[in-house]
Amino acid sequence: MQNLLHNLNPEQLAAVTLPAQSALILAGAGSGKTRVLTTRIAWLIQTGQVSPAGILAVTFTNKAAKEMLTRLSAMLPINTRGMWIGTFHGLCNRLLRTHYRDAALPQTFQILDSQDQLSAIKRLLKAFNIDDEKFPAKSVVYFINGAKDAGLRAGDVEAHDPAERKMVELYGLYDDQCQREGVVDFAELLLRSYELLSRNQPLREHYQQRFKHILVDEFQDTNDLQYKWLKLLSGQGQSQARSALFAVGDDDQSIYAFRGANVGNMRAFEQEFNVQNLIKLEQNYRSHGHILDSANMLIANNSKRLGKNLRTDAGHGEQVRVYEASSDLQEAQWIIEETKNLIAEGASRSEVAVLYRSNAQSRVIEHALFSAGIPYHVYGGLRYFQRAEVKHAIAYLQLMDNPHNDSAFLRVVNFPTRGIGVRTIENLQGAAQQYGISLYAAVPYMSGKAGSSLSGFVKMIEGMRFETQQMALPELVRVVLEGSTLLSHYATEKEGADRVENLEQMVSAATQFVSEEGYGQGAPAHLGPRADAQAGAPIVNADGIEILDADAPLATVMSPLSAFLSHASLEAGDNQAQAGQDALQMMTVHSAKGLEFDNVFITGLEEGLFPHESSSKEDGGVEEERRLMYVAITRARKRLYMCFSQTRMLHGQTRYNMKSRFFDELPEESLKWLSPKVQSHWFANKKSAWDDAPLNLGSDNALAQRMAQKAGGGSGWRIGEAVSHGKFGEGVIVNIEGSGANCRAQINFGSHGMKVLDLSVAKLERLGR
DNA sequence: AAGACGCTGTTTTTT
DNA sequence: ACAGCGTCTT
């Protein structure tokens, strides 16, 4: 135990060894949050305060859950299997699998990912002849997920106008459709298990008693339903003893409001759980002083903080390097130069991160990196299980496990093509609707040529199910890849080599899955849970009803095939394992959260981009952008670069942006401007701006034309020029129209918005940037 | 049933 | 600019 606790600082130690009461740990960036969380669990177990089965630890991502498990098994000599450690969705899936009857779900219910959900909605809209102009599928999805995330069923949503009433109706119809097909979406996993526990008293009480300690990571990211779920499981508000909820989070890193996260849950938790133990972890072990000072000073501009100031023992380190580029191309060029310098100084490429606010910014930088021959890795593309060919294979597997999944049916009934056309499908859908059954079940009602091709498809699925009855999962997957003719189809396609490879990879994914999840290598993939699996001791409630506890491995509650399909939906896999390559890391600021690098570039620091223009319209939007900037800054250990550009190509048009307001919120002494005398006067000094940018303007003539376009009708002002206005502050001239006395300029005043001013009237001052 | 054409939206993302 | 779609064409 001494071992466990040594090297913890006083705050960390206090947090780890808190008594079994609700606690809120405000953990700043780089303050050892995961360490505290895992050490707390290890300490609780090692001191005999709780058995592994009494632990419930919740994260948002699989990565975080895995990390926690890895660290725990390094600390504890015990098997981590009895503990419930996982994502909200993973744990809810486990709960629903175990208690599928009580949750009114089929044993083989399947999970829709976001793509599947959208296409299910599109299908619904079509079936009910809904005008998709008035009710776009996307907004229906948004509405439904919003309601579910708030814990509301269709019957609970108050509609204020006819359009909303329609939305509510669609919500109800969608839920019916899902129920009929035996599928649940992500939000449904949460809501259904919440409802299961709140309606079923014996179950609820069982789990409430079982979990003595509930620990939550990234608490600031919880949505309302997740918070309600935690309250329910912890027994909050009940008179009897309840479990201790240990919430770890950082309100300054709350950057997911747009997907329903509610930072307010932190304050609500403090009050509703009567939190006596609030501990702030403010000692930062990651960043040098100038970087931390920048982060602290920036975030101090936010109101409504719980209050926290990071400190470090690491010394000031280097100043933050700031660069103003003339164009996005030149910005990219500069990044490449600096990266080369870093590498020459001995930095490894994987310790260089380029962060941007939006994905669209990556293109230019990627292009420049490619030309320079610097290996790079872009985060956040298509993930393995999202690839079309893999989704197709999954759909065949889904049909074998649950033939009523119409989404899966439609995805592959004619892929690879087998002569089943749109018309045939429409007829089939008509029959299915008429009898209220699934497409698969409606096939026997079809006659004629169309009927026989459809029943051919069904026979193929049935045949594969029969053939694979006794097979282990990897073997089954191989049979399906071949039997579905997916493999041979892609093998004949000219660009199909990668796809074949991805499909082949599914067999190894299945092999790995089977061994990791504790299914025997030879366990039949079908036919329910493993026969020889040891279920936990049965629980008998007061009425003598036996309840199966979900503490045993998943193998006891679901078949390898069902489990594998859940896995494919809940853990979409990495995007291209370019591992092994020492590559520069490129990603959005959002996806950088939780990561750290020696060297970080924050790019595109311009008004309108970062903070993003759409953030100024939502209340609290700019504060969320500031938190995002805070996250970006605190990713860096040793060296931080920030850059912005005067011009940028966006949506096919050149935009003229001002530098980000965030620069004004950073400590001057921590910044080192690398471009003091920049190219604002490029018109007079055109060489610097246009020669730096590797633009191919073709000829002097083309250049002259572009210049002429930018000159403002003899007004004396130029497009792209920085100006100052008494009322609106600093801005950039974006456009000039008319000439002489009628000359007007469109000016981007950043936070004050876009204005059109009459140049003969407006009092503008030239601003040498 | 694949390929061409035109329309649309375009902040951030995990499960 | 450009990708991803839905619809129309061959």
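Residue numbering restarts at 1 for every chain, and letters A, B, ... go by the order of the sequence lines.
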What is the separation between atom [atom1] on [X] and atom [atom2] on [N], rounded to the nearest whole Å?
X        : N      : atom1 : atom2 : result
A:Arg363 : B:dT10 : CZ    : C1'   : 13 Å
A:Arg655 : B:dT10 : CZ    : P     : 14 Å
A:Gln115 : B:dT13 : CD    : C1'   : 14 Å
A:Glu67  : B:dT14 : CD    : P     : 17 Å
A:Gln253 : B:dT13 : CD    : P     : 16 Å
A:Leu382 : B:dT14 : CG    : C1'   : 15 Å
A:Gln361 : B:dT12 : CD    : P     : 9 Å
A:Leu96  : B:dT15 : CG    : C1'   : 14 Å

If you check the [X] side chain, which of [options] turns out closest?
X        : options                : value
A:Thr61  : B:dT13, C:dA3, B:dT15  : B:dT15
A:Thr87  : B:dA1, B:dT12, B:dT15  : B:dT15
A:Arg259 : B:dA1, C:dA3, B:dT13   : B:dT13
A:Thr588 : C:dC2, C:dA1, B:dT13   : B:dT13
A:Ser591 : B:dT15, C:dA1, B:dT13  : B:dT13
A:Arg357 : B:dT13, B:dT15, B:dT12 : B:dT12

Considering only NZ, NE, NH1 and NH2 on the basic side and carboxylate oxygens on the acidic side, decide whether [X] and [Y] come within less than 4.0 Å.
X        : Y        : answer
A:Arg153 : A:Asp175 : yes
A:Asp185 : A:Lys148 : yes
A:Lys122 : A:Asp132 : no
A:Glu607 : A:Arg661 : yes

ask   = Between A:Lys63 and A:Asn414, who's closer to the 5' end of DNA chain B by nearest nucleotide?
value = A:Asn414
ask   = Does A:Gly421 or A:Ala572 map to a spot on DNA chain B nearer the 5' end, using the closest nucleotide for each?
value = A:Gly421
ask   = Does B:dT13 have OP1 or OP2 sitting under 4.0 Å from an N or O in the side chain of A:Arg383?
value = no
request  = Can you label the angle between the A:Phe415 ring and the A:Tyr490 ring as parallel, tilted or perpendicular, going by 30° and 60°?
outcome  = tilted
inquiry  = Say we look at C:dG6 and B:dT11: how far apart would their C1' atoms be, to the nearest angstrom?
reply    = 25 Å
task = Please measure how far the P atom in B:dT13 lies from the corresponding atom in C:dG4, and state the result in whole Å.
result = 15 Å
key: Nearest heavy atoms of A:Gln110 and A:Asp401, plus distance in Å   = NE2-CB, 3.7 Å
query = If you measure from the ring centre of A:Phe88 to the centre of the six-membered ring in the base of B:dT15, is it under 5.5 Å, with the planes under 30° apart?
reply = no
ask   = Using centres under 5.5 Å plus planes under 30 degrees as the test, is A:His612 stacked with B:dT11?
value = yes
So what does [X] hit on the nucleic acid, given a heavy-atom distance under 4.0 Å: a base, only sugar-phosphate, or nothing?
X        : answer
A:Phe258 : base
A:Glu188 : nothing
A:Ser114 : base
A:Asn62  : sugar-phosphate
A:Asn359 : sugar-phosphate
A:Lys122 : sugar-phosphate

inquiry  = Tell me whether the side-chain N or O atoms of A:Ser358 pair up with the base of B:dT10 as donor and acceptor below 3.5 Å, since no angle test is needed here.
reply    = no
Base of B:dT11 paired with side chain of A:Ser614 (donor-acceptor, under 3.5 Å) = yes
query = Aromatic ring centroids of A:Tyr100 and A:Phe109 under 6.0 Å?
reply = no
